[in-house]
> 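My questions all concern the structure below.
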Number of protein chains: 2
Amino acid sequence: MATKQRSGGGMSEQRRARLRLEISREAARLFWDQGVAATSGDQIAEAVDLSTRTIWRHFRSKESCAEPIIMQGVVTLLGVLRRWPRQSSLEDHLATELTGIRLGHEKPPVDLADEMLAMKMIRLADTEPALRTAWLMACDQVEREMCAIIGDRLDRPASDLQVRMHAASAAAVVRVLDEHIGTTVLAGDDLTEFHDVTALARRYAHAIRTATGGAVGDPIA
Amino acid sequence: MATKQRSGGGMSEQRRARLRLEISREAARLFWDQGVAATSGDQIAEAVDLSTRTIWRHFRSKESCAEPIIMQGVVTLLGVLRRWPRQSSLEDHLATELTGIRLGHEKPPVDLADEMLAMKMIRLADTEPALRTAWLMACDQVEREMCAIIGDRLDRPASDLQVRMHAASAAAVVRVLDEHIGTTVLAGDDLTEFHDVTALARRYAHAIRTATGGAVGDPIA
DNA sequence: AGGCAGTATGTCGCTAAGTGACATTGATCT
DNA sequence: AGATCAATGTCACTTAGCGACATACTGCCT
């Protein structure tokens with residue numbers, strides 16, 4: 001296969017992540033096409049041309065094969081939030097970042113096809129309890145990130161109870177919004193609702209602002 | 001065994017729930033004592049004196065055996081919220097309900113031992129991803145209930161996006177508070193923090209109020 | 001009381017999800 | 001080129017969980 005990097009021992013973290021994502025793509029496709037229960041570990045292995053044993057070396061269960069692709073669906077927002085400068089308002093920051101991405105000025109965060117796959121998995125999670133786990137785990141990850149970001153913004157430790165509650169609310173509304181967008185897109189409904197990027201930014205910002213009682217959103221003096 | 005009720009066909013829902021809870025108790029005990037991985041379905045079956053096959057008839061996985069006892073931990077709050085009259089503020093309602101329970105005037109909602117077991121499971125969920133699922137599922141249930149309650153209060157359908165976001169935030173802060181209380185209790189730390197029932201009520205109320213941007217909490221005019 | 005109907009449980013056997021142990025490849029360093 | 005070490009393959013094994021059939025229990029009817 002491709003290049004390993006010797007120094008540091010073992011497969012590079014990046015390469016490992018890429019492989020997991022590759023497996024995840026195929027797994028997600030199979031899950032969507034034929035259902036989770038009807039998809040076996042052997043099938044996933046065959047689809048990515050690896051031995052079944054290797055699949056279990058990279059994933060602890062077949063459902064967790066969907067995790068990387070689901071996680072891809074939230075890394076964009078997470079990255080954007082991590083770059084939020086203290087002196088900007090949430091609305092402004094989201095708007096500039098989103099337009100930058102939309103116009104292709106910023107680096108392309110994730111492939112559109114991957115985004116679609118992620119939406120499909122989240123959709124499947126509605127009926128497949130096994131997949132729901134993966135989705136909730138991803139949201140859990142978002143929440144932990146939020147703790148760091150919000151804690152930093154509020155000059156408090158990320159373990160602070162208030163910070164954790166704000167982070168939990170913020171992550172929760174983001175999740176609901178994502179689910180809403182996902183189901184709308186997959187249903188093929190009125191996509192116009194999301195075409196205006198600044199409006200979308202305002203929507204996310206307003207949701208987070210409300211969910212944190214106004215504690216998160218303003219620029220820091 | 002006890003009485004079935006014929007009309008409606010099958011075991012009564014109540015009886016089934018009681019049985020599931022009984023299994024859940026033993027499973028939780030085993031999980032806590034020896035870890036999830038080290039506990040087999042056979043052991044659970046033996047502990048409740050049932051065949052292993054019967055366990056799988058009532059639970060789709062061994063981890064889900066913990067669900068009923070975890071759910072017990074949140075039904076109290078859920079019941080309280082469901083009884084929230086429109087003309088009361090959240091603070092007042094929670095305070096009166098909690099003191100009523102504390103004083104024994106109201107019906108005892110769940111056994112204290114069960115509450116402890118629930119806390120232990122939530123604690124375990126921190127390190128055991130399989131159990132985390134059960135806990136997140138329970139929270140998911142809370143969120144759905146919240147949708148109904150909040151939707152009703154705001155005179156909007158439970159499926160309304162705004163309602164769902166409020167419900168998600170509210171459920172999220174309740175979860176964080178529950179986790180906080182659970183870890184504190186299990187650590188044997190400063191329990192005095194929770195002795196004042198009205199203060200506790202105010203705390204929950206304030207958290208929910210903040211998480212919903214003040215939309216939920218006031219009496220309805 | 002006694003037979004009938006229906007449901008819960010037990011028993012058996014199987015599929016497939018994961019794991020451990022050991023062999024094999026294949027790249028990198030000297 | 002040969003040594004080294006991580007990644008993968010191969011094979012045997014454990015066990016969660018389910019389908020199918022047999023059995024026991026419980027209520028209903030006459």
Side-chain angles (χ1 to χ4, degrees), chain A residues 1-24 26-28 30-31 34-68 128-131 133-134, chain B residues 1-24 26-28 30-31 34-68 128-131 133-134:
Chain A
M1 285 187 176
T3 62
K4 304 175 183 177
Q5 64 186 33
R6 222 51 191 337
S7 39
M11 189 184 253
S12 83
E13 214 44 54
Q14 220 188 21
R15 174 158 159 60
R16 180 181 173 85
R18 281 179 60 85
L19 177 56
R20 280 174 53 95
L21 187 60
E22 190 59 37
I23 296 173
S24 193
E26 290 307 310
L30 288 169
F31 287 163
Q34 42 180 332
V36 179
T39 303
S40 70
D42 289 338
Q43 281 181 52
I44 299 174
E46 196 183 5
V48 289
D49 195 39
L50 283 175
S51 105
T52 308
R53 185 63 182 89
T54 303
I55 301 295
W56 303 137
R57 281 211 181 83
H58 288 276
F59 294 96
R60 63 185 188 291
S61 70
K62 72 172 178 182
E63 300 84 28
S64 69
C65 287
E67 271 171 21
E128 300 269 0
L131 273 192
T133 302
Chain B
M1 285 188 178
T3 61
K4 304 175 183 179
Q5 64 186 31
R6 224 47 190 344
S7 37
M11 189 183 251
S12 84
E13 214 43 53
Q14 219 186 24
R15 175 162 159 54
R16 180 181 172 83
R18 282 179 59 85
L19 177 55
R20 281 175 52 95
L21 186 60
E22 190 59 37
I23 297 172
S24 193
E26 290 305 311
L30 288 169
F31 287 162
Q34 41 179 306
V36 179
T39 303
S40 71
D42 290 339
Q43 282 181 51
I44 299 174
E46 195 183 7
V48 288
D49 196 38
L50 283 176
S51 109
T52 309
R53 185 66 182 88
T54 303
I55 301 295
W56 304 135
R57 281 211 182 82
H58 288 276
F59 294 96
R60 64 186 189 292
S61 70
K62 71 175 178 182
E63 299 84 29
S64 69
C65 288
E67 271 171 23
E128 299 270 1
L131 272 191
T133 302

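Chain naming here is simple, since letters A, B, ... match the order of the sequence lines and numbering starts at 1 in each.
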> Have a look at A/Thr52 and say if it touches a base, only the backbone sugar-phosphate, or nothing, with a 4.0 Å heavy-atom cut-off.
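No contact.
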> Rounded to whole angstroms, how far apart are CZ on A/Arg60 and P on C/dG18?
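It works out to 9 Å between those atoms.
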> Nearest 0.5 angstrom please: B/Cys65 SG to B/Arg20 CZ, how far?
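So the SG of B/Cys65 and the CZ of B/Arg20 are separated by 8.5 Å.
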> What do you reckon, is CD of A/Glu46 surrounded by more than 12 foreign heavy atoms closer than 6.0 Å?
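Result for CD/A/Glu46: open.
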> What is the distance, rounded to the nearest whole Å, between atom CZ of B/Phe31 and atom C1' of D/dA16?
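Atom-to-atom, B/Phe31 to D/dA16, this comes out as 12 Å.
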> Just the rounded figure in Å: distance from C1' of D/dT8 to CZ of A/Arg53.
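Going from CZ in A/Arg53 over to C1' in D/dT8 covers 10 Å.
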> Figure out the CZ/C1' separation between B/Phe59 and D/dG17, and round it to whole Å.
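Rounded to the whole Å, the gap is 14 Å.
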> Please report the distance, rounded to the nearest Å, between CG in B/Leu19 and P in C/dA8.
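In whole Å, C/dA8 P and B/Leu19 CG are 11 Å from each other.
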> On DNA chain C, check which nucleotide each of A/Ser40 and B/Ser51 is closest to and give me the residue with the more 5' one.
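Between the two, 5'-proximity favours B/Ser51.
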> Is there a side-chain polar atom (N or O) of B/His58 under 4.0 Å from OP1 or OP2 of C/dA8?
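Answer is no, no contact under 4.0 Å.
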> Does B/Arg57 get its side chain close enough to the base of D/dG19, under 3.5 Å, for a donor-acceptor pair?
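Under the 3.5 Å cut-off, the side chain and the base do not form any donor-acceptor pair.
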> Answer yes or no: is there a donor N or O on one side and an acceptor on the other, between the side chain of A/Thr133 and the main chain of B/Thr133, under 3.5 Å?
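Flag not set: sc A/Thr133 to bb B/Thr133 has no pair under 3.5 Å.
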> When you measure from the side chain of A/Lys62 to the backbone of A/Ser40, do you find a donor-acceptor pair of N or O atoms at a distance under 3.5 Å?
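No, because the side chain of A/Lys62 does not come within donor-acceptor range (under 3.5 Å) of the backbone of A/Ser40.
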> What is the distance from CH2 of A/Trp56 to C1' of D/dA7, rounded to the nearest Å?
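For the pair A/Trp56 CH2 and D/dA7 C1', the rounded distance is 18 Å.
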> What is the distance, rounded to the nearest whole Å, between atom CG of B/Leu50 and atom C1' of C/dT7?
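Whole-Å distance recorded here is 15 Å.
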> Among D/dA16, C/dA17, D/dT8, find the nucleotide with the atom closest to the side chain of A/Lys62.
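Side chain of A/Lys62 sits closest to C/dA17.
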> Starting from C1' on D/dG27, measure out to CZ on B/Arg15 and report it in whole angstrom.
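After rounding, the reported distance stands at 14 Å.
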